[in-house]
Amino acid sequence: MLTSRTLYLFCSAAPPVFDVARVIEEAQADGWDVCLGLTPTAARWLEESLDGLAVLTGHPVRFDYQRPGEPDVWPKPDVILFAPATFNSINAWALGLTSTFVIGVVAEAIGKGIPTVTMPCVNAAYVQHPAFDRSVQTLREAGVNVLYGEDGFVPNQPGQGRPEGYPWPLALHAADVAHGPGGSGA
């Protein structure tokens with residue numbers, strides 16, 4: 001399939017990350033050229049699959065900043081989808097703490113005007129922390145589409161997660177919408 005739009009798919013270390021190959025295939029079937037970026041912990045979780053994921057996407061899987069002077073190995077993104085995004089990632093992003101590649105790119109995307117969608121994957125205990133709601137609000141005010149609450153991810157009780165219930169189709173649909181009219185050819 002000929003693709004003309006690029007999706008940066010970024011993932012944190014939360015159980016739905018183990019479905020990323022299927023999600024990449026679904027995005028590709030919908031016409032996306034997918035580049036996969038992972039937080040360092042997510043990269044460790046998927047360590048044995050990284051080579052296969054690079055083959056699947058046709059791009060190196062990135063989880064670290066490139067060195068100064070190195071060429072960028074990915075095409076420019078049309079949309080960034082950061083899912084699953086953990087409590088730590090959402091808060092670091094909202095605070096502008098760019099110590100990891102994924103957080104650095106999404107923080108910069110705000111200033112570059114790149115359409116960005118995120119869907120958290122957090123439990124009900126984490127969302128009781130006052131920083132979480134402030135971070136979600138900060139990202140929304142910055143123009144990020146945060147799929148959280150009734151129309152997005154709804155937290156479960158600690159230890160009662162259902163990774164298979166993570167609403168990946170909602171996230172992919174939001175990326176299509178963020179791309180704008182004519183984005184998916186539908």
S.K.: L36 and W74: which non-hydrogen atoms are nearest, and at how many Å?
M.R.: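 Minimum heavy-atom separation between L36 and W74: O-CZ2, 3.2 Å.
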S.K.: Taking the side chain as everything from C-beta on, heavy atoms only, tell me whether I90 gets closer than 4.5 Å to V122.
M.R.: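 No, side chains not in contact.
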S.K.: When F153 is tested against each of W168, F87, Y166 for ring pair (Phe, Tyr, Trp, His ring centres under 6.0 Å), which residue passes?
M.R.: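 The residue from W168, F87, Y166 that satisfies ring pair (Phe, Tyr, Trp, His ring centres under 6.0 Å) with F153 turns out to be Y166.
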S.K.: Would you call the rings of F82 and F10 parallel, tilted or perpendicular, where under 30° means parallel and over 60° means perpendicular?
M.R.: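 Ring orientation, 0 to 90° scale: perpendicular.
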S.K.: If you count every heavy atom of other residues, nucleotides or ligands that lies below 6.0 Å from E70 atom CD, does the total exceed 12?
M.R.: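 Counting other residues, nucleotides and ligands, CD of E70 exceeds 12 neighbours.
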S.K.: If you round to the nearest 0.5 Å, how far is CD1 of I103 from OG1 of T39?
M.R.: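 Between T39 OG1 and I103 CD1, I get 8.0 Å after rounding to 0.5 Å.
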S.K.: Do you know which two heavy atoms are closest between P60 and V73, and how far apart they sit?
M.R.: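 That would be CG-CG2, 3.6 Å.
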S.K.: Does the T86 side chain pair with the main chain of S89, one donor and one acceptor, at a distance under 3.5 Å?
M.R.: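 Answer holds: yes.
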S.K.: Please give me the minimum heavy-atom distance between A27 and L7, naming the atom from each residue.
M.R.: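 Here A27 and L7 meet closest at CB-CD2, 4.2 Å.
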S.K.: Any side-chain heavy atom of Y8 within less than 4.5 Å of one from I114?
M.R.: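 No; the side chains remain at least 4.5 Å from each other.
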S.K.: Out of the candidates N145, V177, D176, L172, only one should pair with V117 under the side-chain contact (heavy atoms from CB on, under 4.5 Å) rule; please name it.
M.R.: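 Single side-chain contact (heavy atoms from CB on, under 4.5 Å) partner of V117 among N145, V177, D176, L172: N145.
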S.K.: Over all heavy atoms of both residues, which pair between Y65 and T100 is shortest? Give the atoms and the distance, please.
M.R.: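 Residues Y65 and T100, closest heavy atoms: OH-O, 3.1 Å.
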S.K.: To the nearest 0.5 angstrom, please state how far the NE2 atom of H59 sits from the OG1 atom of T6.
M.R.: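 The distance works out to 6.5 Å.
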S.K.: Measure the spacing between OG1 of T57 and CZ of R62 and express it to the nearest 0.5 Å.
M.R.: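 Here the interatomic distance stands at 12.0 Å.
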S.K.: Around atom CG of D51, are there more than 12 heavy atoms from other residues, nucleotides or ligands closer than 6.0 Å?
M.R.: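 Open: at most 12 neighbouring heavy atoms sit under 6.0 Å from CG of D51.
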S.K.: Over 60° means perpendicular and under 30° means parallel, so tell me whether Y148 and F132 are parallel, tilted or perpendicular.
M.R.: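 Perpendicular: the ring planes of Y148 and F132 meet at over 60°.
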S.K.: Return the minimal non-hydrogen interatomic distance between C11 and V17, and the atom names on each side.
M.R.: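 Smallest heavy-atom distance, with atoms named: CB-CG2, 3.5 Å.
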S.K.: Show the nearest heavy-atom pair for residues W32 and V79, with the distance to one decimal.
M.R.: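 Minimum heavy-atom separation between W32 and V79: CH2-CG2, 3.7 Å.
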S.K.: Just how far is it from atom CD of Q66 to atom CG of D72, taken to the nearest 0.5 Å?
M.R.: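 If we round to the nearest 0.5 Å, Q66:CD and D72:CG are 5.0 Å apart.
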